[in-house]
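Written below as structure tokens is the structure these notes are about.
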Amino acid sequence: MQTVHEFEDLNYKFSIRQSDLKPQNLHEEFINEMSLVDKVLISHYLELKLINISYFILAQDELKIGYGKTVEENGFLTVYELFILPKYRELGFGTKIFNQIKEFSNSLDLKIRSITLPSDRTGKNFYESNLITARALIMEEKRENSRYRP
């Protein structure tokens, strides 16, 4: 795991490390949270065979509090997952991770693309605030349960 960025905030030292290894506990929390939004799409997502994966893991000392998952594909660096533990949200940590992902994408000469659920207003607003614009929507028949982030 390679440290790509260190910073101080809230009188604590933080680091963002790039890794090929998934932060398992954080990933499980992400999947559980997104399954509440749309279990069908998340089940489909988990079956995808992605390669060229990088993780950007945010930690305060050894406590992992968030991460981003990127995949190099089709001329883009796609952000498939960006997750911060709930008690650390709204503090700018997602943007810190995203900025490191942008630096990585620039070093590869790739544009960033992101995947977020259409009903995930938090995700949509986050990406738009970081100058990522919607280019496509996947439309489907209405299902029995509405999809809204809790």
Exercise for the section: Validate the cation-pi geometry between Lys96 and Phe7: distance from NZ or CZ to the six-membered ring centre under 6.0 Å, angle to the ring axis within 45°. Expected result: yes
Treating Ile, Leu, Val, Met, Phe, Trp and Tyr as nodes and any side-chain heavy-atom pair under 4.5 angstrom as an edge, say whether [X] and [Y] lie in one connected cluster.
X: Ile51; Y: Leu77; result: no
X: Leu21; Y: Leu50; result: no
X: Tyr80; Y: Leu58; result: yes

Got a second to check how far [X]'s [atom1] is from [Y]'s [atom2], nearest 0.5 Å?
X: Ser114; Y: Glu81; atom1: OG; atom2: CD; answer: 11.0 Å
X: Lys22; Y: His27; atom1: NZ; atom2: NE2; answer: 4.0 Å
X: Thr95; Y: Lys102; atom1: OG1; atom2: NZ; answer: 8.5 Å
X: Ile84; Y: Leu91; atom1: CD1; atom2: CG; answer: 9.0 Å
X: Ser43; Y: Lys39; atom1: OG; atom2: NZ; answer: 6.5 Å
X: Ser105; Y: Gln100; atom1: OG; atom2: CD; answer: 11.0 Å

Practice task
Provide the closest heavy-atom pair for Leu26 versus Gly66 in the form atom of the first, atom of the second, distance.
Solution key: CD1-N, 3.6 Å
Practice task
State, to 0.1 Å, how close Leu85 and Lys64 come at their nearest heavy-atom pair, and which atoms those are.
Solution key: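 Scanning both residues, the minimum pair turns out to be CD1-O, 3.7 Å.
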State, with a plain yes or no, whether a side-chain heavy atom of [X] is found less than 4.5 Å away from one of [Y].
X: Ile31; Y: Ile42; result: yes
X: Phe104; Y: Leu110; result: no
X: Ile97; Y: Ile16; result: yes
X: Arg17; Y: Tyr67; result: no
X: Asn74; Y: Arg113; result: yes

Please check if atom [atom1] in [X] has more than 12 non-hydrogen atoms from other residues, nucleotides or ligands closer than 6.0 Å.
X: Gln24; atom1: CD; result: yes
X: Asp109; atom1: CG; result: no
X: Leu48; atom1: CG; result: yes

Problem - Check: Asp61 side chain, Leu63 main-chain N or O, donor-acceptor pair, under 3.5 Å - result: no
Handout entry: Test log, rule side-chain contact (heavy atoms from CB on, under 4.5 Å), inputs Phe14 and Asp9
Key = CA-CA 7 Å; Phe14 295 89; Asp9 203 346; 3.9 Å; yes
Handout entry: Side-chain ion pair, Glu72 and Lys111, N-O less than 4.0 Å
Key =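 Looking at Glu72 and Lys111, the cut-off is not met.
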Practice task
Check each of Val79, Leu108, Thr78, Ile53 against Thr70 using the side chain to side chain contact (heavy atoms under 4.5 Å, CB included) test, and report the only one that passes.
Solution key: Val79
Exercise for the section: Just say parallel, tilted or perpendicular for the rings of Phe83 and Phe30, cut-offs at 30° and 60°. Expected result: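 Ring orientation of Phe83 relative to Phe30: perpendicular.
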Problem - Donor-acceptor side-chain pairing of Gln18 and Tyr55 below 3.5 angstrom - result: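 On atom types as modelled, these side chains do not qualify, holding no pair under 3.5 Å.
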Handout entry: Side-chain donor-acceptor contact under 3.5 Å, Glu6 with Ser15
Key = no
Problem - Check against ring-ring contact (aromatic ring centres under 6.0 Å, His included), Phe56 and Phe98 - result: CA-CA 9 Å; Phe56 294 81; Phe98 189 77; over 10 Å; no
